[in-house]
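To start, I am sharing the structure in question, which I have written as structure tokens.
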Amino acid sequence: MLLTDKYADKIYGTITCYDRMIIQGYIPGWSHAEGMTGYLKANNIRIFDFSNFSQPLTQQVRSNAQRIADENGIEIEFIRKLRAFRKDDRIQEIIQKNGKTEGLIHIFSAMEQCNTYKPWHDKATGKTFLKFDQGKCLHYYFYFIDKELGLCHLRVPTWAPFRLQFYMNGHNLLAHKLQKKEISYRMHDNAFLEISDVGAAQKLSDRINPEDLHKVLNAFARRYCPVPETLGLGYTWTIQQIECATDIMFKQPCHLEPLYDEIIRTAIFTVKPDNIATFLGRRITYNCRKEIGANYNQRILGTRIKHHMGDASIKMYDKFGHVLRIESACNDVGAFRVKRKVEHKDGSSSEQKAPLKKSVYSLYQLFTIMKAANYRCLEFISSFDDHSNGNGNLTKVTSPIVENERSYRGLNFFAERDLQALEAVSRGEYMTFGMQWKDIRRHLENISPSAMSRIFKWLRLHGIIERAKGTYKYFVTAYGKEIIAAGLTVKNLVLIPALA
């Protein structure tokens, strides 16, 4: 039983939507050195004239920024010392002061690092081309409140290749959809505290339209960085960083606080690397080189536990004492593999598993993947705090069970071999993809095939595992997950500390 079902009378509901989204815009053909070299040659521009080519474009961006500032009565604020203050905090102060609800709020400028190119002549080959380089240039940060997307900002560099960075929050987008449908809600910062019709809200959140977002992003680019349009070019938009949050909205902090404390304490000891892989829909293989781990942080606002696997992570924390948030995040959406059409070098194509494309048109598919990851984590933690049936389940699983006049002993939480068997069947890859007894045997030392077969029957009779219909594979049952969580909690939180 999910935590949301157990505490249905204490919560308003559960809502899943995108949270922090960073989308990158690049000019096709300018995004890599070879492409930029080809563009210059195609337009009869000498490679060593790259700086001369870029300087007028730089001036165009700066003039455009000044024009926008003048039209809106805003003074561009130059940040002399990076990280001297949080830009978001300064923006909130400005919004509270002027009370704006739509339009341009403020413009920052700062000298920051940027990726660019430098001319190069290879004496060995006699070829002249551009090479990747890093430098510094002036960047503008345009903060504005969009009618549909809420508070956003666009980071615009003043040097080629003019790679843009756009920030928005999915909670603001959902809030606009709720207003449009006249669904009442209560919101604080980037979290919904209450929604009158959670079911309808979730349907609105599930409907992601990348085409509309693409049009809006193009409009922002034309407004704040007119360089590509004057050259007859355009931007392609890709996902750079993204977060998807599943929020359980509790009616009172007194309902969430004790539950959250127990979940966090238990998760620290019971969530293993293979569980993290399971949450993210991944599998740990012998050649896996991704770093897998967990971080526990205490902050002013509360505590947070974060599990990560390479560029993907899943974290859990409380928001304002009212919301239990499970949030998956990714810095490289290609970390998720999906079945899609793959084009091959020889011109052929085939349907196969491949990394998810980084295009904004992957947002719908990505939402499905990340939402499922959050719910796998929710399902796992839902067994941590259920004490209502604890006594009955403990008696049941530790008592002998009889089949065909033969008795099978109960589970012993103090026996190392019993706990080893539970740990083995609960490994992430088996939770997701199923198992056979020969798979589990690899994790138990000095055990014969016949003994392993008896262990599987013993687990099956106690309801911890069940066989998938029409296959030879077994999966851990929901009841089994609760038993396993209880066994590992006893071992890690009681036995080991007491005996240390």
Side-chain angles (χ1 to χ4, degrees), residues 20-27 30-31 53-82 84-116 135-169 172-173 176 212-238 240 360:
R20 185 169 178 263
M21 301 171 67
I22 299 179
I23 298 172
Q24 190 172 249
Y26 67 90
I27 303 170
W30 286 26
S31 60
F53 165 75
S54 297
Q55 284 169 0
L57 305 179
T58 295
Q59 189 55 47
Q60 186 180 358
V61 174
R62 298 183 71 156
S63 299
N64 183 67
Q66 190 60 56
R67 178 185 60 79
I68 292 173
D70 294 340
E71 288 175 356
N72 289 271
I74 291 172
E75 184 177 343
I76 298 174
E77 181 179 355
F78 180 67
I79 303 173
R80 297 186 181 278
K81 188 178 179 181
L82 296 178
F85 60 89
R86 289 187 74 247
K87 290 189 283 292
D88 289 351
D89 292 341
R90 178 70 59 85
I91 292 299
Q92 290 302 325
E93 292 173 8
I94 294 171
I95 291 173
Q96 289 177 8
K97 187 176 179 180
N98 61 27
K100 265 194 173 183
T101 58
E102 193 174 342
L104 188 67
I105 302 298
H106 195 55
I107 305 174
F108 294 107
S109 66
M111 289 294 293
E112 295 178 347
Q113 274 199 334
C114 67
N115 294 336
T116 184
K136 276 192 171 184
C137 76
L138 188 72
H139 287 72
Y140 290 104
Y141 287 82
F142 296 92
Y143 278 81
F144 52 91
I145 298 177
D146 182 73
K147 185 179 179 181
E148 294 189 9
L149 305 183
L151 180 62
C152 312
H153 76 252
L154 185 69
R155 179 177 182 257
V156 180
T158 57
W159 195 253
F162 301 101
R163 192 180 290 262
L164 305 182
Q165 192 180 75
F166 175 76
Y167 169 89
M168 63 173 283
N169 193 294
N172 295 331
L173 177 60
H176 171 75
D212 289 349
L213 179 60
H214 193 172
K215 291 175 184 176
V216 171
L217 292 171
N218 283 342
F220 293 153
R222 286 192 296 269
R223 185 182 307 160
Y224 298 112
C225 185
V227 168
E229 189 177 25
T230 58
L231 297 175
L233 303 172
Y235 276 100
T236 293
W237 301 94
T238 59
Q240 185 177 355
V360 289

Quiz item: With no hydrogens and no angle check, is any side-chain donor or acceptor of Arg90 less than 3.5 Å from a backbone partner on Phe85?
Solution: no

Quiz item: How about Phe144 and Phe220: are their ring centres within less than 6.0 Å of each other?
Solution: yes

Quiz item: Quick one: CG on Leu164 to OH on Tyr26, what's the gap to the nearest 0.5 Å?
Solution: 12.5 Å

Self-check item: Leu104 backbone acceptor or donor facing Lys100 side chain under 3.5 Å
Solution: yes

Quiz prompt | Nearest heavy-atom neighbours spanning Lys87 and Ile79 | solution = CD-CD1, 3.9 Å

Quiz prompt | Heavy-atom donor-acceptor pair, Ser54 side chain to Trp159 backbone, under 3.5 Å | solution = no

Practice problem: Give the minimum heavy-atom separation between Ile145 and Ile95, together with the two atoms involved. | Solution: CD1-CD1, 4.1 Å

Quiz item: Is there a donor-acceptor pair closer than 3.5 Å between any side-chain N or O of Asn72 and the backbone N or O of Ile74?
Solution: no

Quiz item: What are the two closest heavy atoms between Gln24 and Arg163, and how far apart are they?
Solution: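 Gln24 and Arg163 have their closest heavy atoms at NE2-NH1, 3.2 Å.
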
Quiz item: Hey, is CD on Glu75 packed in by over 12 heavy atoms from elsewhere, all under 6.0 Å?
Solution: no

Self-check item: Parallel, tilted or perpendicular, as decided by the 30° and 60° cut-offs, for the rings of Tyr235 and Trp237
Solution: tilted

Quiz item: Would a distance-only check, ignoring hydrogens and angles, find a side-chain to backbone donor-acceptor pair under 3.5 Å from His139 to Cys137?
Solution: yes

Quiz item: Does Thr230 reach the main-chain N or O of Val227 with its side chain, forming a donor-acceptor pair under 3.5 Å?
Solution: yes

Quiz item: Parallel, tilted or perpendicular: which describes the rings of Tyr141 and His153, with under 30° parallel and over 60° perpendicular?
Solution: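 The arrangement is tilted - the two ring planes meet at 30° to 60°.
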
Quiz item: Can you list the steps and then say if Lys97 with Glu93 is a salt bridge (Lys or Arg N to Asp or Glu O under 4.0 Å)?
Solution: CA-CA 6 Å; Lys97 187 176 179 180; Glu93 292 173 8; over 6 Å; no

Quiz item: Do Asp70 and Gln66 have side-chain atoms, one donor and one acceptor, less than 3.5 Å apart?
Solution: yes

Quiz item: What's the shortest heavy-atom distance between Asn64 and Arg223, and which atoms?
Solution: ND2-O, 3.0 Å

Quiz prompt | Nearest atoms (heavy-atom pairs only) where Ser109 meets Leu138 | solution = CB-CD1, 4.1 Å

Exercise. Compare every heavy atom of Gln113 with every heavy atom of Arg155, then report the nearest pair and how far apart it is.
Key: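 In terms of heavy atoms, the two residues are closest at NH2-O, 3.7 Å.
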
Quiz item: More than 12 heavy atoms of other residues, nucleotides or ligands under 6.0 Å from CZ of Arg67: is that the case?
Solution: yes

Self-check item: Sidechain-backbone polar pair: Thr158 side chain, Val61 backbone, donor-acceptor under 3.5 Å
Solution: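 Judged by distance alone, no pair lies under 3.5 Å.
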
Quiz item: Taking the six-membered ring for Trp, is the centroid-to-centroid distance between Phe108 and Tyr143 below 6.0 Å?
Solution: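 Ring-ring flag for Phe108/Tyr143: true, centres closer than 6.0 Å.
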
